[in-house]
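First the proteins, then the strands, lettered A, B, ... as listed; each starts at 1.
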Amino acid sequence: MPELPEVETARRTLEQLVVGKTIEDVTVRWHKIIKFDEGVESFINRLKGQTFRSIGRKGKFLLFYLDGDVLVSHLRMEGKFSVKPETEPSDKHTHVIFQLTNGEQLRYNDVRKFGTMHLFTEGQENDTPPLTLVGPEPFDEAFTLDYFKDKVQRSSRMIKNILLDQTVVAGLGNIYVDETLFKAGVHPERRGSSMEDMELVRIQQAAAETLLEAVEKGGSTIRSYVNSQGKIGTFQQQLLVYGQNGTPCPNCGREISKIKVGGRGTHICTSCQK
DNA sequence: ACCCAGCCCTGGGCGC
DNA sequence: TGCGCCCAGGGCTGGG
């Protein structure tokens with residue numbers, strides 16, 4: 001499940017693979033992925049002839065900058081891009097194909113069909129949902145303690161749910177939230193209003209550190225997720241609690257348990273996280 | 001204003 | 001072998 005580190009890894013890979021290449025045509029096999037008010041045909045027509053100029057990222061969104069337009073893509077659970085020769089057959093989970101003028105194809109593959117693509121005139125993307133709903137990333141200057149305190153301590157929500165809220169802090173998903181809360185020694189079901197300043201500082205540090213380390217390792221490869229080159233990240237090898245239920249806590253040796261928080265599988269050490 | 005359940009999807013794992 | 005069921009989950013929508 002791509003979170004910030006996996007999306008950043010995809011961004012870096014795609015930058016090497018598509019920048020400078022031109023879209024000749026687009027095939028959309030699953031229309032619901034395309035979130036464009038004027039319709040899929042119009043989406044396709046606007047993209048034809050545009051060249052990829054650069055690739056950015058905001059939270060978990062990929063931003064493909066073209067000639068005046070920006071394609072904004074969210075991979076959700078299992079979306080992935082790849083670049084293949086047009087002669088290579090596509091599989092049944094390839095839902096959007098960008099035919100490039102050099103004989104290659106940028107393909108969007110998504111088993112669950114949860115991913116989305118928006119198209120904006122460049123400059124308008126940040127003033128329109130979904131990007132207006134993306135808050136600061138853990139290592140952004142805007143993610144100050146005062147900002148974080150304001151969002152957390154006035155809330156009765158559970159801290160895990162607050163951290164998963166992309167308007168509060170962008171980039172964390174289920175895996176890295178569990179890792180962050182473990183490192184910070186905070187129980188995921190703690191209410192925002194009960195959080196002390198020092199605990200919030202620890203969470204901020206743990207979130208930034210966890211995401212940056214994971215980016216360095218190329219992200220985590222859990223279940224089917226592999227990056228655009230088909231290569232796998234290695235951060236899953238150093239996950240401290242996610243998916244580690246039943247194994248000893250790396251800190252105290254007691255068993256990691258798995259509970260449900262807000263409907264999501266949650267991994268904790270009940271002795272280290274209070 | 002806030003919060004949560006339900007929904008979108010499919011493949012894998014399970015019990016029978 | 002195959003069927004039915006449940007689970008995984010990010011973000012949006014609708015209802016309370």
Side-chain angles (χ1 to χ4, degrees), chain A residues 1-10 28-37 40 57-63 72-81 90-96 108-118 125-126 128-138 150-181 188-195 207 211 214 219-226 236 239 241-246 257-268:
Chain A
M1 49 220 74
E3 303 177 29
L4 187 151
E6 293 75 31
V7 178
E8 175 60 19
T9 301
V28 178
R29 295 180 180 163
W30 192 261
H31 283 210
K32 284 181 163 183
I33 289 170
I34 310 303
K35 307 292 182 184
F36 190 60
D37 290 343
V40 173
R57 181 187 57 72
K58 187 172 180 186
K60 303 180 197 171
F61 287 88
L62 276 173
L63 284 68
V72 176
S73 169
H74 198 298
L75 306 173
R76 293 291 176 89
M77 310 304 304
E78 299 194 38
K80 46 193 81 91
F81 283 96
S90 61
D91 72 37
K92 64 172 179 172
H93 300 304
T94 300
H95 305 306
V96 184
Y108 179 71
N109 187 285
D110 188 346
V111 168
R112 298 270 165 89
K113 300 175 175 169
F114 273 15
T116 57
M117 293 184 197
H118 291 77
E125 71 275 16
N126 288 315
T128 321
L131 295 186
T132 46
L133 303 172
V134 180
E137 297 177 358
D150 184 65
K151 294 289 183 183
V152 173
Q153 292 173 339
R154 293 149 55 106
S155 173
S156 62
R157 304 164 74 189
M158 291 181 282
I159 187 65
K160 173 161 180 175
N161 290 341
I162 297 172
L163 293 175
L164 286 171
D165 183 340
Q166 301 297 299
T167 67
V168 174
V169 54
L172 295 167
N174 206 40
I175 296 174
Y176 297 111
V177 162
D178 282 5
E179 295 295 298
T180 294
L181 287 171
E189 290 176 311
R190 286 274 301 283
R191 301 287 162 178
S193 52
S194 82
M195 299 294 302
L211 291 180
S220 298
T221 303
I222 303 284
R223 295 196 192 83
S224 69
Y225 189 73
V226 292
Q236 70 279 4
L239 291 173
V241 288
Y242 185 88
Q244 306 303 310
N245 37 310
S257 47
K258 186 174 179 182
I259 60 173
K260 284 257 185 206
V261 178
R264 303 190 192 284
T266 300
H267 310 76
I268 51 166

*At under 4.0 Å between heavy atoms, what does A/Lys151 touch on the DNA or RNA strands: base, sugar-phosphate, or nothing?*
nothing
_More than 12 heavy atoms of other groups within 6.0 Å of A/Asp91 CG_ = yes
*Would you mind telling me which of C/dG11, C/dG9, C/dC12 lies closest to the side-chain atoms of A/His74?*
C/dG11
_What I want to check is whether the side chains of A/Asp110 and A/His95 have a donor and an acceptor closer together than 3.5 Å._
no
*Whole angstrom is fine here: how far is it from CD1 in A/Ile33 over to P in C/dC12?*
16 Å
*asked:* Output the rounded distance in Å from CG (A/Asp150) to P (B/dA1).
replied: 15 Å
_Value in whole Å for how far the P atom of C/dG10 lies from CZ of A/Arg112_ = 11 Å
*Which one, B/dC9, B/dT10, C/dA8, comes nearest to the side chain of A/His93?*
B/dT10
*N or O in side chain of A/Gln166 less than 4.0 angstrom from C/dG11 OP1/OP2*: yes
*Under 4.0 Å between a side-chain N or O of A/Lys32 and OP1 or OP2 of B/dC9?*
yes
*Atom-pair distance (CG on A/Leu131; P on C/dG10), nearest Å*: 18 Å
*Give A/Ser155 one of three labels, base, sugar-phosphate or nothing, depending on what nucleic acid heavy atoms sit under 4.0 Å from its own.*
sugar-phosphate
_Given B/dC3, B/dT10, C/dC12, identify the nucleotide with an atom nearest to the side chain of A/Lys113._
B/dT10
*Given C/dG11, is OP1 or OP2 found less than 4.0 Å from the side-chain N or O atoms of A/Thr116?*
no
*Looking only at N and O atoms, is any donor in the side chain of A/Arg264 or the base of C/dA8 less than 3.5 Å from an acceptor on the other one?*
no
*Look at A/Lys60 and C/dG11 and indicate whether a side-chain polar atom (N or O) is within less than 4.0 Å of OP1 or OP2.*
yes
*Among C/dC12, C/dG10, B/dC3, find the nucleotide with the atom closest to the side chain of A/Pro130.*
C/dC12
*What residues form a ring pair (Phe, Tyr, Trp, His ring centres under 6.0 Å) with A/Phe61, not counting sequence neighbours?*
A/His74
_A/Leu172 backbone acceptor or donor facing A/Gln166 side chain under 3.5 Å_ = yes
_Contact between A/Arg76 and A/Arg112 at the side-chain level, heavy atoms closer than 4.5 Å - yes or no?_
no
*For the helix from B/dC2-C/dG16 to B/dC16-C/dG2, figure out the bend between the end axes, five pairs an end, and round to 10 degrees.*
50°
*Using a cut-off of 4.0 Å on non-hydrogen atoms, how would the nucleic acid contact of A/Gly262 be classed: base, sugar-phosphate, or nothing?*
nothing
_On the nucleotide C/dG9, are OP1 or OP2 found under 4.0 Å from the side-chain N or O atoms that A/Tyr176 carries?_
no
_What I'd like to find out is whether the side chain of A/Ile175 reaches to under 4.5 Å of the side chain of A/Leu239, using heavy atoms alone._
yes
*Counting side-chain heavy atoms from CB outward, which of C/dC12, B/dC9, C/dG10 is closest to A/Arg76?*
C/dG10
*Mark yes or no for whether A/Glu137, through its side chain, and A/Lys58, through its backbone, hold a donor-acceptor pair below 3.5 Å.*
no
*Using a heavy-atom cut-off of under 4.0 Å over every strand shown, decide if A/Lys260 touches base, sugar-phosphate, or nothing.*
sugar-phosphate
*Let me know which of A/Glu179, A/Arg264, A/Lys160 forms a side-chain hydrogen bond (donor to acceptor under 3.5 Å, both in side chains) with A/Asn174.*
A/Lys160
*With respect to the side chain of A/Arg157, which nucleotide from B/dC3, C/dG10, B/dC9 is positioned closest?*
B/dC3
*Picking from B/dT10, C/dG10, C/dC12, which would you name as closest to the side chain of A/Val111?*
B/dT10
